[in-house]
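Everything on this sheet refers to the single structure shown next.
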Number of protein chains: 2
Amino acid sequence: MARKTKAEAARTRDRIVSCARRVFARRGVNMASLDEVARASGVTRGAVYWHFNGKSDLFMAVRAQTGPLVSFEPPREKDPLEALERGLIGALRRLARDEAARDTYEVMLWRCEYVGEFADVRRDLMEAGKSFLRQTEALYRNAVRRGMLAAGIDPRTAALETFCLYAGMLKIWLADEGGGLRSRIEKLIRAHVASRRRSRVATRRARGSMKP
Amino acid sequence: MARKTKAEAARTRDRIVSCARRVFARRGVNMASLDEVARASGVTRGAVYWHFNGKSDLFMAVRAQTGPLVSFEPPREKDPLEALERGLIGALRRLARDEAARDTYEVMLWRCEYVGEFADVRRDLMEAGKSFLRQTEALYRNAVRRGMLAAGIDPRTAALETFCLYAGMLKIWLADEGGGLRSRIEKLIRAHVASRRRSRVATRRARGSMKP
DNA sequence: TGATTTACATACAGACATGTATGTTTAGTT
DNA sequence: AACTAAACATACATGTCTGTATGTAAATCA
């Protein structure tokens, strides 16, 4: 077929990735054939194999096109707990608003059996998780330094709890299409973070004992 | 082939289910062929098709053979928060001990794209989740009645949080083979439940104000 | 004690999916 | 302007999986 301009070829590649995401989300990564992806993109398998080495390569491209969901503000935040809350809620809002992100996470959390070539992808996912974990822990430690974390909370354990909560939350949010849970999850996040915050009275008491 | 006795046939069926679980867990539900399952069970596909209608039917059997992970003690528990903690920790301990249960949940949480015939299975899973949610909420409400829940906690939201936490916890526990997180998750559960419990001093203060 | 199922094994046909090889224009390059 | 290689489409060979049809020997039954 006629050779396309570089820019057009790049657009073709992008289109394939976008369509692959939709196809993967609706039919499952393994069930989806590259022919389906190609048809959805308005090309043939030839184009797909030209741009990608195979299904797993295409899958990586899908992941790469959608950046990470959460992004916490710089660690030197004045109110790290609010930063945490904003990060988590931001992720949820993005899921609700951005269909592409929704499809990507649908694929990763519900439509992929991490097997064979995809086994490493799971390890990648867990690495991303560890990164989330480190950032969260940093936020909690920051909160400790500022005397904002409630008494008796170990930041390391708290971070792990937030991590698990986040992971489960995403899965449930995605699966609960029309089940009435989605609307409650944002409230849940606020409650979660609030429970970690040292209460006003406790703060006042602590200040009082620090500067008598 | 020679006809088997009824008891033997039942054992064959059981063996197929058990082997299917292992094969599904290692190769993924979609990637695994019924021939692999049959070979692993020491039979041919004929036997598999005799006992089951197909892969999805077999998958249901796998789920059914492994009962639910958590089982909370009767709702009239003296200390409902401890019941919650014991239930959650019990689930984790079972995962660690019982390889079959581990494989089953590995399959359901990581090795299955809930698509086509399996789309209903996801709905089933979410139904089971709602049941978990109801039970947890009942426990928290019980705790409220007994004055054991910390102040300012909404039992409904708290239950949803525990549910999400549990869901994420299982996924992460399973994926973190050798990553060092598993050993910390039990502590996490204790911290989670403890943070919901009204502190001793608060309890004493509340008692004091109740019976002056 | 036949007759009838049962509990499988074997055989077969059809449907796809994958990977690669090859063809065909045209955008870049020199 | 000629040449090269990009950006695909088309064609093909191969393997694998599924579902079903058929065979068969023993367990169960009347």
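By convention in this document, chain letters (A, B, ...) are assigned in the order of the sequence lines, proteins followed by strands, and residues within each chain are numbered from 1. FYI, side chains are in, hydrogens and waters are out, and symmetry mates aren't considered; it's all heavy atoms of this structure.
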Practice task
Let me know the distance between CG of Leu58(A) and P of dA17(C), rounded to the nearest Å.
Solution key: 15 Å
Exercise for the section: Remember a base hit wins even if backbone is also touched, and classify Thr5(A) as base, sugar-phosphate or nothing at under 4.0 Å, heavy atoms. Expected result: sugar-phosphate
Problem - Distance below 4.0 Å between Thr12(A) side-chain N/O and dC8(D) OP1 or OP2 - result: yes
Handout entry: Lys4(A) NZ - dA7(D) P separation (whole Å)
Key = 10 Å
Practice task
Name the closest nucleotide to the Ala9(B) side chain, picking from dC8(C), dT18(D), dA5(D).
Solution key: dC8(C)
Fill in the blank from the handout: Of His51(B) and Glu117(A), the one whose closest nucleotide on DNA chain C sits nearer the 5' end is His51(B)
Practice task
For Trp50(A) and dT25(C), give me the distance from atom CH2 to atom P, rounded to whole Å.
Solution key: 18 Å
Handout entry: Sidechain N-carboxylate O distance under 4.0 Å for Glu82(A), Arg86(A)
Key = yes
Exercise for the section: State whether Lys55(B) places a side-chain N or O below 4.0 Å from either non-bridging phosphate oxygen (OP1 or OP2) of dT18(D). Expected result: yes
Exercise for the section: Take atom CZ of Arg45(A) and atom C1' of dT22(C), then tell me their distance rounded to the nearest Å. Expected result: 14 Å
Practice task
State whether Glu186(A) and Arg93(A) are salt-bridged, where the test is any N-O pair (Lys NZ or Arg NE/NH1/NH2 against Asp/Glu carboxylate O) under 4.0 Å.
Solution key: yes
Completion exercise
Separation of dT18(C) atom P from Asp57(A) atom CG, nearest Å, is 14 Å
Completion exercise
Atom CG of Asp35(B) and atom P of dA11(C) are separated, to the nearest Å, by 14 Å
Exercise for the section: Using a strict cut-off of less than 4.0 Å between a Lys/Arg side-chain nitrogen and an Asp/Glu carboxylate oxygen, indicate whether Glu106(A) and Arg26(A) qualify as a salt bridge. Expected result: no
Handout entry: Closest to side chain of Tyr49(B), choosing from dA9(D), dT18(C), dT20(D)
Key = dT20(D)
Problem - Between dA7(C) (P) and Arg15(B) (CZ): distance, integer Å - result: 14 Å
Practice task
May I ask you to verify whether the side chain of Arg3(B) and the base of dA7(C) hold a donor-acceptor pair under 3.5 Å?
Solution key: no
Exercise for the section: Find which nucleotide of DNA chain D each of Thr44(A) and Ser33(B) is nearest to by heavy atoms, and output the residue with the more 5' nucleotide. Expected result: Thr44(A)
Exercise for the section: May I ask you to say whether Arg102(A) pairs ionically with Asp98(A), meaning some side-chain N is under 4.0 Å from a carboxylate O? Expected result: no
Handout entry: Mutual orientation of the aromatic rings belonging to Phe132(A) and Phe163(A) [parallel < 30°, tilted 30-60°, perpendicular > 60°]
Key = tilted
Exercise for the section: Please state how far atom CG in Asn30(A) lies from atom C1' in dC16(C), giving the value in whole angstrom units. Expected result: 14 Å
